[in-house]
Structure formats: structure tokens, C-alpha cells
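What follows is a short report on a single structure.
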Amino acid sequence: MPNFEELKSEIAKRFDEADSLEALNDLRIEYLGKKGKIADLMKQMKSVPKEEKREFGQAVNQIKTETSALFDEKKRALEAKALEEKLASETIDLTLPGRKPAHGNLNPLTLIEQELEDLFIGLGYQVIEGDEVVDDLYCFERANIPKDHPARDMQDSLYLDPEHLLRTHTTAIQMKVLEQDAPNPIKVVCPGKVYRRDDDDATHSHQFMQMEGLVIGEHVPLSDLKGTLEFFARKMFGEEREIRFRPSFFPFTEPSVEVDVSCHMCGGKGCPTCKGTGWIEILGAGEVNPKVLEMAGYDSTKMNGFAFGIGIERVAMLKYGIDDIRHFYTNDQRFNELFDRMD
Ligand code: PHE
């Protein structure tokens, strides 16, 4: 008689130790397979003495039943463990905040430009854009800045050839509008990029944006300019804002003024933004020089008007408290996104 008890405990131990479904299947073949150890025992039946056959047969059958049960039990356990591991590796934490898909947003300069356009359209202005490469004629000559005029030193320019350059101010658009519309009235704003031969730093950029306004008609009073700019200042910087004119010089306007807005940070008391003065210099403006009108084909005794030039970066920097002009052009998404939320 083989030692059935020993075999049973061997089987129990080995099944217990099986740590994968593959290992378990190998055991099944080893013990329960057609040529397995239990089948071998059955084959020994012939040589077992008659009186022991019954006992032997029962013992082998019992081992076979128990082994099958062990196999089934272990298989279920290993399958459950495998499923658990699979689920653990695929866990989704439903409490995690979702990831927002990134979306583009408009540059703050575009936002300010649009705001300004809306404002002036509301006052009856037409928006006119022009070419960035312009004739020297429209950029300087027609703006009363002749070749030998010291005013040319005011703007270091990027020439493509002796006659063409990247426009240094949006005045270049206006000089063309003047020529095209003479002798009729005009009410336009001209936004766009302008270029100067400047080294970039916190307050200078070789490329920046302007928006210039031009109004021509019969008897256009300078008080209209003041009213228009006051409206602009209050819309952009708050209803409490005041403006003041200081005498200045531009070749294409006569008289020329520098326009200050009462500081929107301190309300005029004096703070670091307005350098303690209560006023912030915001733009240049003036009565269109009669010479400029004549060159474009107007009769300056019948028609007059005013022009003003707004720096879009300057407005954006003041409005949002931005201290470095380069932020607008480096396209750091963290910077651009700020203005999406402000909107
Ligand atoms: N063209 C001037 C500049 O670029 C600004 C300006 C425009 C001043 C219109 C007066 C009138 O600095």
C-alpha cells in the first residue's frame, strides 16, 4: 500500500505553493492528467491483493476528488487575485479634478485694440488699416517731415530701400487716407503695427502697436478733440478720469499737445505709477498742420481737423499694471491666459 497520507499532504503543500495559473495548470497535469501520478496509482490496482483492492480504490478516488477540489479552489483564488491586480493597475480616481483641454486666447494687445475700435466705432469713426511697408513719401514727406528735417532723428527707421520702409507710425496710413479722401470730410481710426530701429528692453520694442485718429471737416473745434479724448480716457481707465493738455511738438500737427490722464491707480493723489505727479502721459495729439492738409489736396482755409496717436501697449500696460513690454511678444501662455480671465 502506498503512503496515501504522505501523498495527500504533498499535494496540499504543492497546490498551496502554486503562485500563478500556469504553475497551477502544471500541477493539474502532474497529478490529475491522463499520465499523471493519480492515474499511475489507478494502474497499480491490478497488482493490489484482492482483499485490499476496495480500500485502495476508495483511497485513490478520494485523493482524486480532493485534488480536483483543491485545483478548483486554488484556480478561483488565483483568478480573483489576477483580477484584483488588473483592477488596481487600472484604477480611476473619480475625485481628481478634470484636465481642461488647452484653448487659445487672444493676446491682450488684440483685446485692447478691439476695445478701442468698438469705442471709436461708437463715436462714428471708420476703422482703416494700411500696409506695413510704406513709401517714404507717406511716412515722412506728407507728414511734414522732409528728408533734411531734424524731426527725422526722432524716429530711427527700418528702410528696405531708399524709398520704402517699415512704417514708423500709423500716421503713414492717415497721410494716404487724406490724399484719397481730399477734399471730403474724414473720421477714421487707423490701428496697426509700427517698427523702429530700437533695442528691446522693458519699455522699448522694435515693433509695437499704435492707433491713430483723424477727423477732418469744416470748422472742427479743438474742444472736439478734448471731448473725444476725455471719452476715451474714461472708457479705458474709469469714469472718474480727467485729462489735461500740455503744449508739445509734432511736425504734422500745429498746435500739438501731449495728453495726460489723471492717474487711475491713485485717483490723482500721487503714487509710483504716476511717479507722484497724479498724471500719466498717455498720447500725442494736435490740430492737423495746414501744410499737411495742403499737400494732400485740401484747401486749408476751408477745412481743418485734429489727429491723435494712441500707443496700444502703453494703454494695456497702464490698464493692467504690466511692467515689461516684452511680455506681449514672448507668448508665454501663462501671461496670455491672465487676460482671458480678466475679460
Ligand atoms: N505719430 C506720432 C508718434 O508716432 C503720434 C501722434 C499722432 C501725435 C497723431 C500727434 C498726432 O509718436
Whether [Y] and [X] form a salt bridge (side-chain N of Lys/Arg under 4.0 Å from carboxylate O of Asp/Glu) is what I want to check.
{"X": "Lys43", "Y": "Asp40", "answer": "yes"}
{"X": "Glu240", "Y": "Arg234", "answer": "no"}
{"X": "Lys8", "Y": "Glu5", "answer": "yes"}
{"X": "Arg326", "Y": "Asp201", "answer": "no"}
{"X": "Glu17", "Y": "Lys13", "answer": "yes"}
{"X": "Asp198", "Y": "Arg196", "answer": "no"}
{"X": "Glu115", "Y": "Lys235", "answer": "no"}

Rounded at 0.5 Å granularity, tell me how far NZ in Lys187 sits from CD1 in Ile216.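 Spacing of NZ (Lys187) from CD1 (Ile216) equals 12.5 Å.
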Return the CD1 to CG distance between Ile282 and Leu229, rounded to the nearest 0.5 Å.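 The CD1 atom of Ile282 sits 10.0 Å away from the CG atom of Leu229.
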Assess the side chains of [X] and [Y]: does a donor N or O sit below 3.5 Å from an acceptor N or O?
{"X": "Ser262", "Y": "Arg241", "result": "yes"}
{"X": "Thr253", "Y": "Glu287", "result": "no"}
{"X": "Glu179", "Y": "Tyr298", "result": "no"}
{"X": "Asp332", "Y": "His327", "result": "no"}
{"X": "Glu212", "Y": "Thr171", "result": "yes"}
{"X": "Tyr329", "Y": "Asn107", "result": "no"}
{"X": "Gln58", "Y": "Gln62", "result": "no"}
{"X": "His204", "Y": "Asp199", "result": "no"}
{"X": "Asn144", "Y": "Glu254", "result": "no"}

Quick one: side-chain contact (heavy atoms from CB on, under 4.5 Å) partners of Ala77, sequence neighbours excluded?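 So Ala77 forms no side-chain contact (heavy atoms from CB on, under 4.5 Å) with any residue.
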So [Y] and [X], do their side chains get closer than 4.5 Å, heavy atoms only?
{"X": "Phe231", "Y": "Thr228", "answer": "no"}
{"X": "Tyr125", "Y": "Glu117", "answer": "no"}
{"X": "Arg28", "Y": "Asn25", "answer": "yes"}
{"X": "Gln174", "Y": "Val288", "answer": "no"}
{"X": "Glu113", "Y": "Leu111", "answer": "no"}
{"X": "His164", "Y": "Asp135", "answer": "yes"}
{"X": "Ile243", "Y": "Lys226", "answer": "yes"}
{"X": "Tyr31", "Y": "Ile11", "answer": "yes"}

Taking the six-membered ring for Trp and the full ring for Phe, Tyr or His, determine whether the centres of Phe308 and Phe120 are under 6.0 Å apart.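 Ring-ring flag for Phe308/Phe120: true, centres closer than 6.0 Å.
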Determine whether the aromatic ring centres of residues Phe56 and Phe4 are separated by less than 6.0 angstrom.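 Yes: the rings meet the under 6.0 Å criterion.
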Measure from NZ or CZ of Lys74 to the centre of the six-membered ring of Phe15, then state whether that distance is under 6.0 Å and the direction lies within 45° of the axis.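 Not satisfied by the 6.0 Å and 45° rule.
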Hey, quick one: are Leu158 and Phe208 part of the same hydrophobic cluster, counting side-chain heavy atoms closer than 4.5 Å, chains of contacts allowed?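 Different clusters.
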Donor-acceptor contact present, side-chain Arg167 to main-chain Gly130, <3.5 Å: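 It does hold such a pair.
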